Amino acid sequence: MAEVRAFARSVDWDARSQTLVFGAIATIALVFLIAPTVIVLVTSFTSAATLKFPPQGYSLRWYKALLDASQLQTAAWNSLRIAVSTTVLSVVIGTAGALVVSGSRAFWARALDSLLMSPLVLPALAFGFACLMYFSLIGLSPSVPLLIIGHTVVCFPYVMRTTIASLAQLDPGLLEASESLGAGRLRTFWRVTVPLIGKGIAAGAFIAFMASFDNVPVSLFLADARTEVLPIHMWQIIDNDLDVRTAAVSGVLIAFTIVLMIAAERFAGLTRQIGR
Amino acid sequence: VSAPASKRNASEWKLALPLAVFMLLFFVAPLAVLVSMSLHKDNQLTVWTLGQYGKFLGDPFDLRILWETLVLGVKATLLCLLFGYPLAWFASRAGPKMRALLLFLIVLPILTSVVVRTFSWIVILGKQGVLNATLISLGLIDEPLKLLFSETGVVLVLAQVQLPLIVLPLMATLSRIDPNLSSASAALGAGAWRTFWKVTLPLSVPGMIAGCILAFAACVTAFVTQTLIGGARLVYMPLFIYQQAVGANNWPFAAAMSVIFMIAVLAVVYVLNRMGRGSRGRIYG
């Protein structure tokens, strides 16, 4: 009896020590993950002209300073325009890719699948550089449309991935039912398939939008001299002189990300789509 | 095969063709130009040569940059795994509400701009940053540590920036493991730690490998983080390629460097994949 009790106690200690060790590291990891965002948010409200944390006093002066920062505003507007166009193109290509690839076990479908997904694994900087050389060899100089194409190549695989995951859960019986009830293929696609995989497409579109908005390696080579994009502009400011306005821009971008993420969570179940 | 199915296959081709053309025009063709450029002597592609590869592979300075980039990726990935595994383990065991919250907190950083995330580390790691101020006020150090513009700093920041890439696939794998296996292990007398080492850990290897591949590929090509935290003196492959391509306008050499860099990254990914397959055989050993 005593032996059994001792055994039970030792098992208990074993499990508890495991929870303790894993819990401690997981907590550190979570703090490690979140703290930088919190620190930069707090710093952006400083009243001082330095990035000292914690700030001595708080004010909105750096956010007000953004209202006069015309270069930053232009860069943000350029990034937004490019990201919206990239997202639209990515949704069309990614959804089409997912429809073609999923469900088909043919050799060519699998080959096309790995071709379509490969932009995610290759170093994006090498791809950006390759595009610069390719376009200049065929006589095109960097421009916004070329930049959008370059972004699309590295962003549409996100849409394709989430859409494939949604299609895998789609009951093919529903499509057959719709067709046997007399709906054409196009009508079935818009009325049955799209509503059922819409959330997957939306989640992918959101990720593609953020990836384009934040892209540096492709923009570095394909943006023309007049079109400055936000991440590169910020990168240059941080590299040259640490301007406190950067903290305010970061604050705006973090708020923007959180709001969009909550919206994407509501409408598309974003984290479920990613965690799948 | 029924008639509607074959009709569907026929129309699939109509969708597949424009996609294939798009990829050929804007992905395959640029990469072909990249490879072709690396085999030439000049930007105008007039003289063929293997000289660019010889130049890179024969220069110990260039090879060291490649080596240091790969080592940087390995170090940052291992740090990611050390922090990421327990976090994924915990999140996959949490209740639905807690799990949703954790997932939100894990996904948020990955969607926040990399420039913003790197910038926040400059606020933390600088000479007057939070970390040095805290360590000095605790009396642990007398002089501020030089974390910014050091390799340690770059590894630390890369590990934080890419942490979600390792946590997400691990969470997916860990939550798919049949809980009955742990119960069976416990019923057979194994303690929690023994069950973890003998059952959970081996079964989660595929998720670990998938996460490590994503994190490694992201770390070695993280241009923004490497340049801002590493500064001008710590040169890794992406900055080196950029300097040669844009600064020196030496396209053939930059192209050869890109090809060598891509092959090196793919080789590491291949080795990781092999490790994943090899360890799967040892689960019950």
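All values reported here derive from a predicted model rather than from experimental measurement.
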Counting heavy-atom pairs under 4.5 Å to chain B, which of [options] comes out on top?
options	value
A:Thr37, A:Leu122, A:Ile254	A:Leu122
A:Pro36, A:Ala29, A:Ala126, A:Gly128	A:Pro36
A:Thr43, A:Ile34, A:Ile93, A:Leu112	A:Ile93
A:Thr50, A:Leu33, A:Val216	A:Leu33

Is the shortest heavy-atom distance from the side chain of [X] to the side chain of [Y] under 4.5 Å?
X	Y	result
A:Lys52	B:Val130	no
A:Ile258	B:Leu108	yes
B:Met23	A:Pro119	yes
A:Met133	B:Pro30	no
A:Asp214	B:Leu111	no

Please look at [X] and chain B and tell me whether the side chain, the backbone, both or neither of the residue comes under 4.5 angstrom of a heavy atom of that chain.
X	value
A:Leu137	side chain
A:Phe156	side chain
A:Leu125	side chain
A:Ser118	both
A:Leu260	neither
A:Phe221	side chain
A:Val154	neither
A:Ala247	both
A:Phe213	neither

Heavy atoms of other groups near B:Arg93 CZ, more than 12 under 6.0 Å
yes
Is the number of heavy atoms from other residues, nucleotides or ligands within 6.0 Å of OH (B:Tyr270) greater than 12?
no
Check: B:Leu25 main-chain N/O paired with A:Tyr134 side-chain donor or acceptor under 3.5 Å
yes
So, A:Asp239 side chain and B:Leu228 main chain: donor-acceptor pair closer than 3.5 Å or not?
no
Regarding B:Thr118 and A:Trp235, do their side chains bring together a donor and an acceptor under 3.5 Å, going by distance alone?
no
Return the option, out of [options], with the maximum number of heavy-atom pairs under 4.5 Å with chain A.
options	answer
B:Phe261, B:Tyr85, B:Trp251	B:Trp251
B:Thr221, B:Val265, B:Val115	B:Val115
B:Ser113, B:Ser258, B:Ala88	B:Ser113
B:Phe223, B:Phe196, B:Phe119	B:Phe119
B:Thr195, B:Val269, B:Thr227	B:Thr227

Check the pair B:Trp121, A:Phe32 against ring-ring contact (aromatic ring centres under 6.0 Å, His included), reporting the backbone distance first and the verdict last.
CA-CA 11 Å; B:Trp121 276 102; A:Phe32 183 54; 5.8 Å; yes
I need the minimum non-hydrogen distance between B:Phe22 and A:Thr152, along with the two atoms involved.
CZ-CG2, 4.2 Å
Heavy-atom pair of closest approach, residues B:Ala192 and A:Ala15:
CB-CA, 3.5 Å
Angle class for the A:Phe22/B:Trp89 ring planes (parallel below 30°, perpendicular above 60°, tilted otherwise)?
perpendicular
